[in-house]
Amino acid sequence: MILESHGDACRLGYLRLIACLLEDGSQKSFDFLASILYDMLRNLELYEPLTQKPIGLITRYVNARNYVTLAAEMGFIDRASQTIGEFGKLYLCLDSADKFREFVEGKSIPSHDDLIALNGAERLFFLWVLLSRDYPMIQHVLRWVMGRRSFTRQEAMNQIMEEFYPDSLRKVLSTLDARRREQIMREIEEAEGFKEKRLQIDDKMSWIRSSQYAKYRHIAPPRLEWLVDCGVLRRVGRGKYEVGENYLELGDKVLKLASLKPAKLDNYFFDEFVKLFSKDFSTANRYEISRTMIEVYERMRTLFGDEVSLSTLEYLTIMVLMERGRFADLRTIHSSFNSLALKFPDKIYVIPGRKRNMNVAYISVEEIEV
DNA sequence: AGTACAGTGACATCGGTTTA
DNA sequence: TAAACCGATGTCACTGTACT
């Protein structure tokens, strides 16, 4: 679960830049990263003044820093080594990363819209990241918004902070180290009294000024905005949200998605859930699948070294095909890999990985002619 | 069709903790 | 043990909305 969030850090798109900034494998302190990020963005206004500003833009060094923290929480940065994190690497395997890579290398300047908006594949990618990294908070939120369909920010804040927050904290307690656990236990105790405390304050103004409300604002609203970026929610006027039409249609499937434990998530997401979006794409043929898979493998190999997980390779292949307007389901992709492996048994194969249930794919890219 | 004000978004700071 | 860092709130000006 994402324990550290900030009211400012609600545009997921910026994380893409952070991934690109760390692509060379360098180690960068959070402050240093924030400075680079801020410097890159501060001059953009000169090229393209914005008329309508979305919330959460980086305008100061301090909120650039808040985004770096978010990147760490989202697995785009590995805290311990201060280098690129797992999800950052995964993002860099997508075609969509090119635009931001070029920006980082000084070869092009993106528009503000490019920096903020996510394309179709990225929306799914980030939804997956969210579900993986923010369990079980975002699952709670997702189920609730699907049930409500339309709601105000206030309702959501109270619901999230007074029901989901303490419950989620309790669920993640066992995954924390001793020091952190102590801290969170106190937090749970406090959170259980949130509702009562809020109701005790009858004057609205002093509620808004209370430190409890300050806390609400840093924890709940960003999650709603993340869902806006992923296309699940839409903002309708000040402080109001609605579930987007296509997510309304998906109803039960979204509820199912939001009910899964992390261990079950990946398979359902890529096997069943992404399929629901396939109608916007043309079907990929075998050749396209194989070419794409090998291409993705090469990218992964650069970032992950020898340990290229087969299932991750397959997931990313789906994503990259989608970026190219094509679709293939997990089963088809898996069988494509298998038939390649049969055709080139000494150049493509699978070995057991170090982690349990992980298979490592090996493809001798130079020698393969598909 | 004003107007008050709750609610919002941008922006800032503080106090504890780690590091050199 | 001072500096750097970092996480956790704190705060203030404005503005959309719900009232007259």
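So you know, we letter chains A, B, ... as the sequences are listed, proteins then strands, and number each from 1.
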Checklist entry - Which pair of non-hydrogen atoms, one from A:Val172 and one from A:Pro136, has the smallest distance, and what is that distance? => result CG1-CD, 3.7 Å

Checklist entry - Is the number of heavy atoms from other residues, nucleotides or ligands within 6.0 Å of CE (A:Met358) greater than 12? => result yes

Checklist entry - What nucleic acid atoms does A:Gly7 come within less than 4.0 Å of, heavy atoms only: base, sugar-phosphate, or nothing? => result nothing

Next on the checklist: Any base atoms under 4.0 Å from A:Arg235, or only sugar-phosphate, or nothing? Heavy atoms, all strands.
Outcome noted: sugar-phosphate

Checklist entry - What's the OH-C1' distance between A:Tyr165 and C:dT9, to the nearest Å? => result 12 Å

Checklist outcome for this item: Side-chain atoms of A:Gln82 come closest, of C:dC6, C:dT9, B:dA10, to C:dC6

Item to check | B:dT8 OP1/OP2 closer than 4.0 Å to side-chain N/O of A:Gln154 | outcome: yes

Item to check | Qualifying residue, where the test is side-chain hydrogen bond (donor to acceptor under 3.5 Å, both in side chains) with A:Asp134 and the options are A:Arg223, A:Gln139, A:His140 | outcome: A:Arg223

Checklist outcome for this item: A:Ile219 CD1 to B:dT8 C1', in whole Å, measures 17 Å

Item to check | CA sep, side-chain torsions, deciding dist, call: A:Glu155, A:Arg148, salt bridge (Lys or Arg N to Asp or Glu O under 4.0 Å) | outcome: CA-CA 10 Å; A:Glu155 295 173 297; A:Arg148 290 299 307 266; 2.9 Å; yes

Next on the checklist: How many whole angstroms separate atom CD of A:Glu4 from atom P of C:dT9?
Outcome noted: 11 Å

Checklist entry - Which nucleotide sits closest to the side chain of A:Thr59: B:dA10, C:dG10, B:dG9? => result B:dA10

Checklist entry - Whole-Å distance between C:dC6 C1' and A:Leu3 CG? => result 15 Å

Checklist outcome for this item: Result for 5'-nearest mapping on DNA chain B, choosing between A:Trp207 and A:Asn63, is A:Trp207

Item to check | Length of the line joining A:Leu33:CG and C:dC6:P, which is rounded to integer Å | outcome: 11 Å

Next on the checklist: Generate the contact string for nucleotides 12-20 of chain C. Rules: B means base contact, S means sugar-phosphate contact only, - means no protein heavy atom under 4.0 Å.
Outcome noted: ---BSS---

Next on the checklist: For A:Phe32, is the CZ atom crowded, meaning more than 12 foreign heavy atoms sit under 6.0 Å from it?
Outcome noted: no

Next on the checklist: Would you say CD of A:Glu196 has more than 12 non-hydrogen atoms from neighbouring residues, nucleotides or ligands within 6.0 angstrom?
Outcome noted: no

Checklist entry - Nearest to the side chain of A:Phe30 - C:dA8, C:dC6, B:dT8? => result C:dC6

Checklist entry - Around atom CZ of A:Arg181, are there more than 12 heavy atoms of other residues, nucleotides or ligands at under 6.0 Å? => result yes

Next on the checklist: So if I apply the ring pair (Phe, Tyr, Trp, His ring centres under 6.0 Å) rule between A:Tyr14 and each of A:Trp226, A:Tyr67, A:Phe103, A:Phe76, which one comes out positive?
Outcome noted: A:Tyr67

Next on the checklist: Rounded to whole Å, please give me the gap between OH in A:Tyr241 and P in B:dG7.
Outcome noted: 14 Å

Checklist outcome for this item: A:Arg153 CZ to B:dA6 C1', in whole Å, measures 12 Å

Interface polar pairs with nucleotides 12-20 of chain B, N/O, under 3.5 angstrom:
from: B:dA12; atom 1: N6; to: A:His6; atom 2: NE2; distance (Å): 3.1

Checklist entry - Within 45° of the ring axis of A:Phe304 and under 6.0 Å from its six-membered ring centre, is that where the NZ or CZ of A:Lys89 lies? => result yes

Item to check | Pair A:Lys197-A:Glu190, salt bridge (Lys or Arg N to Asp or Glu O under 4.0 Å): steps then yes or no | outcome: CA-CA 10 Å; A:Lys197 264 187 135 179; A:Glu190 211 183 313; 5.1 Å; no

Next on the checklist: For C:dT9 and A:Ser211 - does any side-chain N or O of the residue sit under 4.0 Å from the phosphate oxygens OP1/OP2?
Outcome noted: no

Checklist entry - Between atom CZ in A:Phe32 and atom C1' in C:dC6, what is the gap in whole Å? => result 18 Å

Item to check | side-chain N/O A:Tyr213 vs B:dA6 OP1/OP2, d < 4.0 Å | outcome: no

